[in-house]
Amino acid sequence: MKLLIVGNQGQLGRELELRGIAAGFELTGIDLPKLDLTRPDQVKAILEHSGAPLVVNAAAYTAVDKAESEPELAFAVNADGPRHLADQCHRLGLALIHVSTDYVFDGTATRPYLETDPISPIGVYGQSKADGEVAVSSRLSRHLILRTSWLYGLYGANFVKTMLRLGKQRQSLSVVADQQGCPTCAADLAEAILAVASRFSQGSPVVWGTYHYCGQGITTWHQFAETIFELARPLTDLCVTHVEAIATSAYPTAARRPAFSALDCQKIRQNFDIAARPWRESLAQTLKQILAANDR
Ligand SMILES: NC(=O)c1ccc[n+]([C@@H]2O[C@H](COP(=O)([O-])OP(=O)(O)OC[C@H]3O[C@@H](n4cnc5c(N)ncnc54)[C@H](OP(=O)(O)O)[C@@H]3O)[C@@H](O)[C@H]2O)c1
């Protein structure tokens with residue numbers, strides 16, 4: 001089956017492209033500058049010519065703090081972009097898998113968020129992604145909005161790579177310990193998306209709508225950092241010996257972030273038989289890949 005991946009140069013998009021080709025999809029990947037999601041004329045032309053019955057949108061404006069000072073661009077990419085995609089998918093009879101974020105929630109929950117929980121973002125990035133979700137769900141019945149969280153992987157910049165870099169440079173680091181969430185490996189998320197795409201390509205029934213997918217288990221950025229160092233230490237030289245747990249208030253950032261953004265992933269398990277691995281297991285595997293790539 002033909003498959004169109006929008007945003008194929010991002011950390012998720014690259015995994016989708018590599019794994020999608022390996023899985024036998026006739027895949028077209030596209031990103032800036034050939035496709036600018038903010039340009040409806042370009043979206044129209046690409047979707048008309050791709051011939052793919054299913055589009056995956058992995059493109060986004062993902063700079064959470066920078067979004068606070070350039071909201072126009074964040075909304076153009078994350079809200080208008082999915083709107084243009086959904087309009088064209090509707091017009092051409094295509095289905096759309098659109099990736100979204102835990103940051104559509106305000107973080108006040110005391111149990112993992114369900115797909116049906118009200119969204120209430122507390123920053124520009126989260127609001128722009130929330131608007132993108134509404135743009136898709138209100139225009140296109142055959143859509144999957146797939147929210148994920150704390151994404152990391154082999155490609156692009158992410159928390160794991162930042163910690164490895166700092167862990168080689170410094171003896172002591174400070175990491176926030178009062179934000180809880182679920183680290184998600186981009187390769188695992190790509191496999192989950194491709195499993196849905198396979199099901200679609202086989203003509204099996206697909207229950208469209210909003211879903212959550214993230215690594216299994218809840219942690220804090222501080223515990224995440226400590227685990228990165230624990231797992232990486234036998235594999236590489238690290239200077240870091242102490243990771244101080246600090247409060248969010250001690251590490252001011254431009255954007256506020258939800259204090260708790262764990263996602264309940266029962267629905268995707270029930271409807272698609274897709275279950276994420278424990279986050280620590282995925283992290284161990286990805287660390288080996290990142291360190292091997294650094295050695296090359
Ligand atoms: N990263 C996380 O921690 C996280 C957490 C939860 C959810 N998500 C969601 O997961 C998805 C994938 O995230 P990611 O981390 O893989 O993102 P990423 O690495 O930042 O990749 C996003 C891709 O979109 C491209 N892009 C930006 N503006 C565009 C435009 N106007 N038109 C077309 N393409 C454009 C980027 O190109 P440039 O690099 O050239 O700008 C980049 O290749 C996104 O929907 C994101 O919101 C991410």
Side-chain angles (χ1 to χ4, degrees), residues 4-19 29-43 45-47 55-67 70 72-85 96-105 107 113 119 121 123-133 135-136 144-163 179 181-190 192-193 210-215 221 224 255 257-258 261-263 265 276 279 286:
L4 177 66
I5 307 292
V6 177
N8 73 329
Q9 295 302 307
Q11 61 172 338
L12 173 62
R14 289 187 68 177
E15 292 285 1
L16 276 168
E17 183 165 88
L18 288 169
R19 289 164 188 274
I30 193 147
D31 206 311
L32 284 171
K34 281 192 180 151
L35 172 63
D36 181 347
L37 272 187
T38 68
R39 296 269 311 268
D41 55 325
Q42 292 186 0
V43 173
I46 295 290
L47 266 60
V55 180
V56 180
N57 181 27
Y61 178 107
T62 55
V64 176
D65 288 315
K66 213 170 159 200
E70 44 185 32
E72 294 82 7
L73 183 57
F75 278 93
V77 180
N78 293 344
D80 298 344
R83 175 161 57 81
H84 302 321
L85 281 173
L96 175 66
I97 299 178
H98 172 68
V99 182
S100 193
T101 173
D102 54 333
Y103 282 16
V104 297
F105 294 115
Y113 281 97
I119 56 176
V124 169
Y125 166 75
Q127 185 64 58
S128 68
K129 294 290 292 183
D131 287 7
E133 290 189 1
V136 169
L144 219 77
I145 290 168
L146 194 50
R147 295 189 189 123
T148 190
S149 60
W150 295 26
L151 202 59
Y152 69 91
L154 184 55
Y155 305 108
N158 55 59
F159 183 78
V160 174
K161 289 188 178 177
T162 303
M163 286 301 115
Q179 290 173 29
C182 308
T184 306
C185 169
D188 291 351
L189 176 60
I193 291 170
T210 300
Y211 287 85
H212 290 168
Y213 179 93
C214 59
W221 290 111
F224 190 16
R257 287 164 169 76
S261 65
L263 302 173
C265 301
W279 67 266
T286 311

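Counting starts at 1 for both ligands and their atoms, in listed order. The structure displayed is predicted, hence computed values, not measured ones.
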Practice task
Check Leu37 against ligand 1 and report side chain, backbone, both or neither, counting heavy atoms closer than 4.0 Å.
Solution key: both
Practice task
Looking only at protein heavy atoms, identify the closest one to atom 4 (C) of ligand 1 and say how far it is in Å.
Solution key: Leu151 CB, 3.7 Å
Practice task
Give the contacting part of Leu35 toward ligand 1: side chain, backbone, both or neither, where contact means a heavy-atom distance below 4.0 Å.
Solution key: backbone
Exercise for the section: State whether Asp65 and Arg257 are salt-bridged, where the test is any N-O pair (Lys NZ or Arg NE/NH1/NH2 against Asp/Glu carboxylate O) under 4.0 Å. Expected result: yes
Practice task
For atom 16 (O) of ligand 1, grab the closest protein heavy atom and report residue, atom and distance to one decimal in Å.
Solution key: Leu12 N, 2.9 Å
Exercise for the section: State whether the side chain of Ser261 and the backbone N or O of Gly181 hold a donor-acceptor pair below 3.5 Å, judged by distance alone. Expected result: no
Handout entry: Val77 N/O under 3.5 Å from ligand 1 N/O
Key = no
Handout entry: Test item: protein heavy atom less than 4.0 Å from atom 28 (N) of ligand 1
Key = yes
Problem - Heavy-atom pair with the smallest gap, counting every atom of Gly29 and Glu17 - result: CA-OE2, 3.3 Å
Practice task
Using atom types as modelled and distance alone, determine if a side-chain donor or acceptor of Gln11 lies under 3.5 Å from a backbone N or O of Gly156.
Solution key: no
Exercise for the section: Could you tell me the separation between the CZ atom of Arg14 and the CZ atom of Arg19, rounded to the nearest 0.5 Å? Expected result: 12.5 Å
Problem - Within-cut-off N or O pair, Tyr61 and ligand 1, under 3.5 Å - result: no
Fill in the blank from the handout: Any heavy atom of Ala58 under 4.0 Å from ligand 1? The part involved is backbone
Handout entry: Nearest neighbour in protein (non-hydrogen) for atom 21 (O) of ligand 1
Key = Gly10 CA, 3.2 Å
Completion exercise
Closest to atom 14 (P) of ligand 1 among protein heavy atoms sits Gln11 CG, 3.7 Å
Problem - For ligand 1, the portion of Lys129 having any non-hydrogen atom under 4.0 Å away - result: side chain
Handout entry: Closest protein heavy atom (residue, atom, distance) for atom 38 (P) of ligand 1
Key = Leu32 CD1, 4.3 Å
Problem - Side-chain donor or acceptor of Lys129 paired with backbone N/O of Asp102 under 3.5 Å - result: no
Exercise for the section: Verify, without hydrogens or angle tests, whether Asp131 (side chain) and Ala79 (backbone) share a donor-acceptor contact under 3.5 angstrom. Expected result: no
Practice task
List the steps, then state whether side chain to side chain contact (heavy atoms under 4.5 Å, CB included) holds for Thr286 with Val160.
Solution key: CA-CA 9 Å; Thr286 311; Val160 174; over 6 Å; no
Practice task
Have a look at ligand 1 and work out which part of Val99, if any, has a heavy atom under 4.0 Å from it: side chain, backbone, both or neither.
Solution key: both
Exercise for the section: Determine, using heavy atoms of Ser100 and all atoms of ligand 1, whether some pair is separated by less than 4.0 Å. Expected result: yes
Practice task
Pull out every atom of ligand 1 sitting under 4.0 Å from any heavy atom of Asp36, numbered as shown with elements.
Solution key: 30 (C), 31 (N), 32 (N)
Handout entry: Smallest separation among heavy atoms of Ala58 and Leu16, with atom names
Key = CB-CD1, 4.0 Å
Handout entry: Part of Trp150 within contact of ligand 1 (heavy atoms, under 4.0 Å)
Key = backbone
Practice task
May I ask you to check whether Thr62 has an N/O atom sitting below 3.5 Å from an N/O atom of ligand 1?
Solution key: yes
Problem - Region of Thr148 that comes within reach of ligand 1 [heavy atoms, distance under 4.0 Å] - result: both
Handout entry: side chain to side chain contact (heavy atoms under 4.5 Å, CB included) partner of Tyr211, the single match among Leu146, Leu263, Thr148
Key = Leu146
Exercise for the section: Can you label the angle between the Phe159 ring and the Phe224 ring as parallel, tilted or perpendicular, going by 30° and 60°? Expected result: parallel
Practice task
Work out which heavy atom in Ser100 is nearest to a heavy atom in Ile145; give both atom names and the distance.
Solution key: CB-CG2, 4.0 Å
Practice task
Just jot down the ligand 1 atoms closer than 4.0 angstrom to any heavy atom of Thr101, in number order.
Solution key: 6 (C), 7 (C)
Problem - Under 3.5 Å donor-acceptor, Asn78 side chain and Ala60 backbone - result: no
Problem - Heavy atom of the protein closest to atom 42 (C) of ligand 1 (residue, atom name, distance) - result: Asp31 OD2, 3.8 Å
Completion exercise
Ranked by distance from atom 44 (C) of ligand 1, the top protein heavy atom is Ala60 CB, 3.5 Å
Exercise for the section: Of the side chain and backbone of Tyr125, name the one, both, or neither that has a heavy atom under 4.0 Å from an atom of ligand 1. Expected result: side chain
